[in-house]
There are 2 protein chains.
Amino acid sequence: MMRLSKLTDYAVVMMVHMGQVNDLSSGDVTFTTARLSEDTGVPQPTVAKVLKGLSRAGLLRSVRGAQGGYVVERTADEVSIAEIIQALDGPIALTACVDGADDSCNVENLCGMRGNWNRVNDAIQSALGQVTLADMALTPMEFPVPDVPARAHGQSPSTSRGA
Amino acid sequence: MMRLSKLTDYAVVMMVHMGQVNDLSSGDVTFTTARLSEDTGVPQPTVAKVLKGLSRAGLLRSVRGAQGGYVVERTADEVSIAEIIQALDGPIALTACVDGADDSCNVENLCGMRGNWNRVNDAIQSALGQVTLADMALTPMEFPVPDVPARAHGQSPSTSRGA
DNA sequence: CGAAACAGTACCAGCATGGTCCTATATCTA
DNA sequence: TAGATATAGGACCATGCTGGTACTGTTTCG
């Protein structure tokens, strides 16, 4: 469930990547979509689409023209996952019964309790808001997840294609 | 983003409804899909599909044969939104890079940090786990949302077709 | 034995997502 | 100034998933 879009996934990856490169160069590196495409393996047009969204949301600054590209505006610990998600997938809303829902809610019988979804959304929003890019950049493999498929509630990092 | 499936939405509505009816009758009422369809306005086959999932997950008990139907197994405050979501939409996993992803992750370059999505998922899981059906059943209309379309981040209880 | 009601599966339509392409615009360099 | 570079913005199409339906089987009551 709640499979967030690939675009968002890419976005996080790219933001983390840019942050890391930026760190090494200790300066504001300008990334072209071409370079990011190489670095990540994501096709160039798609990279463009992702970065466009991020830039529109203010997470990146775009520099047009020759020698142009994208520049990160904030450090990794200043950007939350929630922001990235919202930048690409729109507002965090769990139910389909959001404002635009003209005729979705004509099933009056089952509405009436719908407003309470807000609190669910808030909970999620807050949860996502607490995870920053810096968290996502933490040591890739050095996790307390041995190769034993612990599976608390599903899903181990990479192994588990066995199923 | 993260639009959870309608099925899940229906599920929550039905669970809440059954809980309320159960409360009034102070007993274990047996609900047929036909009745729930009437009560909620959701087409019968769809109701069946939803309840089947819930029953398979152990949230409901099914009684086959004549006079059969579905019976709620737990009270509203014992069932979390997370459980319902998982019952219908599968495990709560935000990224597409979950276990079954054989070739999604062959873009090795961008993987390596993917494991960290787990913590995000955990955060969400925990957030959703704290909201119970009882919470969702709270006073439908008595919310600090007047009839002015305030729309903080969308969605007012029942009005909203006005748009 | 027949009716009622769930179980399971297969099937189809609609729609959002993901990805591509094209054109316009801005900037740098020669 | 002219050309090259690179983003901005939007349109466009294909794929896959979701939502919904129908059909058949199985269980239980009367």
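Numbers restart at 1 for each chain; the letters A, B, ... are given by sequence-line order, proteins then strands. Everything numeric in this text was worked out from a predicted model, so none of it was measured.
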**Student:** Begin from the C-alpha positions of B/Thr46 and B/Lys6 and carry the test side chain to side chain contact (heavy atoms under 4.5 Å, CB included) through to its verdict.
**Tutor:** CA-CA 10 Å; B/Thr46 302; B/Lys6 274 189 179 180; over 6 Å; no
**Student:** Would you indicate, yes or no, if C/dT20 has its OP1 or OP2 atom less than 4.0 angstrom from a side-chain nitrogen or oxygen of A/Thr46?
**Tutor:**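 Yes, because at least one side-chain N or O of A/Thr46 sits under 4.0 Å from OP1 or OP2 of C/dT20.
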**Student:** Determine, for nucleotides 23-30 of chain C in 5'-to-3' order, which nucleotides have protein heavy atoms under 4.0 Å from the base (write B), from only the sugar-phosphate (write S), or from neither (write -).
**Tutor:** -BBBBS--
**Student:** Would you kindly give the CG-to-C1' distance between B/Leu7 and D/dG20, to the nearest whole Å?
**Tutor:**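 Going from B/Leu7 (CG) to D/dG20 (C1'), I get 9 Å.
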**Student:** Please state how far atom CZ in A/Arg56 lies from atom C1' in D/dT7, giving the value in whole angstrom units.
**Tutor:**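 Spelled out: CZ on A/Arg56 to C1' on D/dT7 is 12 Å.
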**Student:** In this structure, which one of B/Val72, B/Val12, B/Leu59 forms a side chain to side chain contact (heavy atoms under 4.5 Å, CB included) with B/Val79?
**Tutor:**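 It is B/Leu59, the one option of B/Val72, B/Val12, B/Leu59 that forms the side chain to side chain contact (heavy atoms under 4.5 Å, CB included) with B/Val79.
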**Student:** Would you indicate which nucleotide in C/dT20, C/dC6, C/dG18 comes nearest to any side-chain atom of B/Thr33?
**Tutor:**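 Closest of the options to the side chain of B/Thr33: C/dC6.
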**Student:** Please state how far atom CG in A/Leu51 lies from atom P in D/dA6, giving the value in whole angstrom units.
**Tutor:**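 Computing the A/Leu51:CG to D/dA6:P distance gives 14 Å.
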**Student:** Could you walk me through whether B/Val29 and B/Arg35 pass the side chain to side chain contact (heavy atoms under 4.5 Å, CB included) test, one step at a time?
**Tutor:** CA-CA 12 Å; B/Val29 181; B/Arg35 174 186 179 174; 4.0 Å; yes
**Student:** Find the distance between CG (A/Leu54) and CZ (A/Arg61) and round it off to the nearest 0.5 Å.
**Tutor:**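 Separation between the atoms: 14.5 Å.
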**Student:** Name the nucleic acid region contacted by B/Pro43, choosing base, sugar-phosphate or nothing; use a 4.0 angstrom heavy-atom cut-off, strictly under.
**Tutor:**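 Sugar-phosphate contact only.
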**Student:** Quickly work out the B/Leu60 CG to C/dA5 C1' distance and round it to whole Å.
**Tutor:**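 The answer, rounded to whole Å, is 15 Å.
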**Student:** Please report, rounded to the nearest Å, how far the P atom of C/dG19 is from the CG atom of A/Leu88.
**Tutor:**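 Going from CG in A/Leu88 over to P in C/dG19 covers 13 Å.
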**Student:** Look at the side-chain N and O atoms of A/Ser5 and state whether any lies under 4.0 Å from the OP1 or OP2 oxygen of C/dA16.
**Tutor:**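 So the side-chain polar atoms of A/Ser5 never come under 4.0 Å of the phosphate oxygens OP1 or OP2 of C/dA16.
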**Student:** What is the distance, to the nearest angstrom, from the OH atom on B/Tyr70 to the P atom on C/dA4?
**Tutor:**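 Rounding to the nearest Å, OH of B/Tyr70 and P of C/dA4 are 18 Å apart.
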**Student:** Find out whether A/Leu128 and B/Ile124 are in side-chain contact, i.e. whether some heavy atom of one side chain is under 4.5 Å from a heavy atom of the other.
**Tutor:**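 A/Leu128 vs B/Ile124: side chains touch.
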**Student:** Would one find a side-chain N or O of B/Tyr10 under 4.0 angstrom from OP1 or OP2 of D/dG20?
**Tutor:**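 The answer is yes; a side-chain N or O of B/Tyr10 sits under 4.0 Å from OP1 or OP2.
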**Student:** Nearest whole Å is fine: how far is C/dA5 C1' from B/Leu36 CG?
**Tutor:**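 Distance check: B/Leu36 CG to C/dA5 C1' gives 13 Å.
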**Student:** In whole angstrom, give the distance that lies between atom CG of B/Asp89 and atom C1' of D/dC17.
**Tutor:**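 Rounding to the nearest Å, CG of B/Asp89 and C1' of D/dC17 are 11 Å apart.
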**Student:** When rounded to the nearest 0.5 angstrom, what distance separates CD in B/Gln125 from CD in B/Gln130?
**Tutor:**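 Answer rounded to 0.5 Å: 11.0 Å.
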**Student:** Please tell me if A/Thr32 has a side-chain N or O lying less than 4.0 Å from either OP1 or OP2 of D/dT5.
**Tutor:**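 Checking D/dT5 against A/Thr32, no side-chain N or O comes under 4.0 Å of OP1 or OP2.
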**Student:** Would you compute the distance between atom CE of B/Met18 and atom CG of B/Leu60 and round it to the nearest 0.5 angstrom?
**Tutor:**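 So the CE of B/Met18 and the CG of B/Leu60 are separated by 5.0 Å.
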